Participant: 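One structure, as structure tokens, below. Some questions next.
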Amino acid sequence: MKKSLFHISLLAALVIAPTAQAADITLLNVSYDPTRELYQDYNTAFAKYWKAKTGDTVSIKASHGGSGKQARAIIDGLDADVATLALAYDVDQLYEKGRLIPKDWQKRLGHNSAPYTSTIVFLVRKGNPKKIKDWDDVVKPGVSVITPNPKTSGGARWNYLAAWAYALKKNNNDETKAKEFVGKLFKNVPVLDTGARGATTTFVERGIGDVLLAWENEAFLAQKELGPDKFEIIVPSLSILAEPTVTVVDKVVDKRKTRAVATAYLEYLYSEEGQEIAAQNYYRPILDSVAKKYEKSFPKVSLVKIDEVFGGWQKAQKTHFADGGTFDEIYQK
Amino acid sequence: MSGISTTQFSKYNAKIAKNRATSEPAWVRWTLIAAALLYLSLFLFMPLAAVFTEALRKGVDTYISALVDADALSAMKLTFIAALIAVPLNLVFGVAAAWAIAKFEFKGKSILITLIDLPFAVSPVIAGLIYVLIFGLQGWFGQWLSDHDLKVIFAIPGIVLATIFVTFPFVARELIPLMQAQGKDEEEAALVLGASGWQILWRVTLPNIKWGLLYGVILTNARAMGEFGAVSVVSGHIRGLTNTMPLHVEILYNEYNYAAAFAAASVLALLALVTLVLKSIVEWYAARSARAIEQN
């Protein structure tokens, strides 16, 4: 009797897993760490828009974590209808390792499937006690730097590449000097969190470190949540144009029959309202009208592009972050 | 006469005092007690108090609304489901394993004991990854499960499996020494008197181990509800769907939502306190029934 009960409960647990009902649609958006607040706002807006347009009720579930880790979870079977990750390479993995999306996924949506952009800035403690003004100050001995692990976090890879790009420019494209520079930077890193949000928490809550290399949106948010009287944002002379990318996960939406709504979900990010929400959550909008409206919110930085300096994500990943790549050499020293 | 005996008595008394274990000077004794108390308050009482102060910092209303939040309720529900399945399964397995190990001799016994201990030795993260490797889309059964529309990891079954794995040894480990100490005389006597196998189990074996068993169940339950590492790997962290209480706490904390994070944490802490009280009651009963047996 007891035994049959176990069987029933196990069976029930197996069956409970996702089966969508007629007009009630659920979507799962698997995203990277700092987008929680953005998508909380956006999901409400999209649900309203979709209800008005089709009459269907759509509720969007969210999962957040380090971008590389989230890609891994989707490959391992996390049923993401849409993936909104920190960088194109992590989305590429969905094709490379899982064949879940087509190879040319990035051409399916405008602006290389990056509906908003961001960049890397410094967050320092009030009064900037270590006088950090630019990348040169970050690598000085005795400055403690917080950044997450480039192996698991997208933001960390942008941090790393931004520092590298700065060093290249300063040393007339001398790769050896750039490696030395980034090596010095990582000597100053006491702890590598797996995701950007973990690193922010380490810096602002646990009080470790003198400077946090952070997504611009993450730095603004930390300042807003925890009080502008506690932290200052420092904009370096040069940084990188970070383009978080989004895609529909074909294998999942075909199985769950959610392609139409999942595609609309991503396309709406490019609309006036979607862009407004992005800008309000400190992501740089790409739509000109909205970009103009929020011009003053975002500091002017000279931004390099990954395609120009590093020859695209595939190449950058291979050289720097793959096993035995430059990051491994630097960090093991 | 009486004077002499008094002297003798005080001499005798002095001798006892000299040989007593607690003859250290007062300052040594007090330093040790103070150190122990300081250690306890630093590492146990203070964090516990901190959880409740932080949880209630923004007032009782915030505290309650954090607990009746839909995502929090679903996390609690999932935690209870996992425990409700894992605990009975491990109870049955634990009794069976302990019974086999303590009452019988067979080949491969030491291997079985080692296997039971495996979840203690393996890091919970590895435990989670094992299930990803077996049931994940790229894993052994991934394609088959996907073709049949079954989900194991990133869904409730995966969380239940991970919980079962990490709580596997508690009941068996609690019972094996107890049953070994009791020996098999009573079972043999019952057998000679004509009892059937089930009768021996229900009338002899189980009554003898009931307190140890209860203790093991309490420990299993506490661990099942508090497990983080293994569950984190197989959960997928979908809010309102595959988050257990410990995962929910982490998510809220990472969202700068400290009051809500600590409110959820306080529920876990309360569960722990209830567990401790239950554990003490069980221990008290166990000691009493042991004394009763001795007196007979």
Side-chain angles (χ1 to χ4, degrees), chain A residues 2-3 5-6 8-19 26 28-31 33-34 36-37 39-40 43 59-65 69-70 72-80 97-100 193-201 204-205 221-222 224-226 251-252 255-256, chain B residues 70-71 74 78 81-82 84-89 91-93 128-129 131-139 141-143 145-161 164 232-243 247 250-258 261:
Chain A
K2 214 170 207 173
K3 213 168 183 185
L5 235 157
F6 299 148
I8 290 166
S9 44
L10 262 182
L11 212 75
L14 278 162
V15 172
I16 287 168
T19 39
T26 54
L28 175 59
N29 176 4
V30 173
S31 194
D33 239 349
R36 299 156 196 261
E37 292 76 11
Y39 280 111
Q40 248 167 38
N43 290 347
S59 73
I60 296 130
K61 301 277 182 193
S63 166
H64 295 273
K69 189 187 105 186
Q70 293 292 78
R72 181 76 245 181
I74 298 174
I75 293 165
D76 280 333
L78 183 57
D79 273 340
K97 298 256 164 63
R99 294 285 187 269
L100 300 170
D193 286 288
T194 53
R197 189 50 66 84
T200 311
T201 313
V204 301
E205 260 304 294
L221 182 75
K224 179 186 140 200
E225 291 285 333
L226 303 152
K251 268 230 172 126
V252 177
K255 198 167 126 191
R256 299 191 58 225
Chain B
D71 287 344
S74 115
L78 182 56
I81 290 176
L84 266 178
I85 300 175
V87 172
L89 280 179
L91 182 148
V92 172
F93 163 79
L129 281 178
Y131 290 113
V132 173
L133 287 178
I134 298 176
F135 299 112
L137 197 54
Q138 316 297 320
F141 305 124
Q143 202 51 53
L145 286 169
S146 158
D147 291 346
H148 292 77
D149 257 337
L150 295 171
K151 289 226 54 109
V152 176
I153 58 163
F154 307 126
I156 296 169
I159 290 166
V160 172
L161 279 176
I164 290 176
S232 169
V233 177
V234 296
S235 135
H237 301 272
I238 308 169
R239 295 187 76 133
L241 216 60
T242 62
N243 268 334
L247 300 180
E250 194 211 17
I251 283 190
L252 290 173
Y253 184 77
N254 278 343
E255 285 172 3
Y256 306 110
N257 203 344
Y258 303 125

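Reminder, nothing fancy here: chain letters follow the sequence lines and each chain counts from 1. Quantities reported herein were computed from a predicted structural model and do not represent experimental measurements.
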Participant: My understanding is that only one of A:I74, A:I75, A:L100 makes a side-chain contact (heavy atoms from CB on, under 4.5 Å) with B:L137; could you say which?
Facilitator: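 Single pass found, and it is A:L100.
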Participant: Report the distance from atom CD1 of B:I238 to atom CG of A:L28, rounding to the nearest 0.5 Å.
Facilitator: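 The CD1 atom of B:I238 sits 4.5 Å away from the CG atom of A:L28.
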Participant: Kindly give the heavy-atom pair with the smallest separation between A:G98 and B:Q138, and that separation in Å.
Facilitator: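 What the structure gives for the nearest pair is CA-NE2, 3.9 Å.
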Participant: What part of B:T242 lies closer than 4.5 angstrom to a heavy atom of chain A: side chain, backbone, both or neither?
Facilitator: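 The answer is neither part of B:T242.
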Participant: Are more than 12 heavy atoms, taken from residues, nucleotides or ligands other than A:K224, located less than 6.0 Å from that residue's NZ atom?
Facilitator: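 No, the 6.0 Å shell around NZ holds no more than 12 heavy atoms from other groups.
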Participant: What part of B:I159 gets closer than 4.5 Å to chain A, counting heavy atoms only: side chain, backbone, both or neither?
Facilitator: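 Answer is neither: B:I159 stays 4.5 Å or more from chain A.
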Participant: I would like to know whether A:D33 and B:N254 meet side chain to side chain contact (heavy atoms under 4.5 Å, CB included); could you show each step before the answer?
Facilitator: CA-CA 9 Å; A:D33 239 349; B:N254 278 343; 5.5 Å; no
Participant: Could you check A:H64 against B:I251 for side chain to side chain contact (heavy atoms under 4.5 Å, CB included), going step by step and ending with a plain yes or no?
Facilitator: CA-CA 9 Å; A:H64 295 273; B:I251 283 190; over 6 Å; no
Participant: Hey, are the side chains of B:S146 and A:K255 touching, using non-hydrogen atoms and a 4.5 Å cut-off?
Facilitator: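 They are in contact (side-chain heavy atoms under 4.5 Å apart), so the answer is yes.
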Participant: If I measure from the heavy atoms of chain B, does A:A80 come under 4.5 Å with its side chain, its backbone, both, or neither?
Facilitator: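 Nothing of A:A80, per the 4.5 Å heavy-atom cut-off to chain B.
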Participant: Sort out for me which of A:K97, A:E205, A:E37, A:E225 touches chain B most, counting heavy-atom pairs under 4.5 Å.
Facilitator: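 Between A:K97, A:E205, A:E37, A:E225, the count favours A:E205.
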Participant: Which atom pair, heavy atoms only, marks the closest approach of B:G236 to A:S63?
Facilitator: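 Reported closest heavy-atom pair: O-OG, 2.6 Å.
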Participant: If I measure from the heavy atoms of chain B, does A:L78 come under 4.5 Å with its side chain, its backbone, both, or neither?
Facilitator: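 It is both, since atoms from each part get that close.
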Participant: Give me the atom names and distance for the closest heavy-atom approach of A:K61 to B:R239.
Facilitator: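 Taking every non-hydrogen atom into account, CD-O, 3.4 Å.
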Participant: Show your working on side chain to side chain contact (heavy atoms under 4.5 Å, CB included) between B:Y256 and A:L226 and close with a plain yes or no.
Facilitator: CA-CA 8 Å; B:Y256 306 110; A:L226 303 152; 3.7 Å; yes
Participant: Out of curiosity, A:T201 OG1 to B:Y253 OH, how far, rounded to the nearest 0.5 Å?
Facilitator: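 Result: 6.0 Å between the selected atoms.
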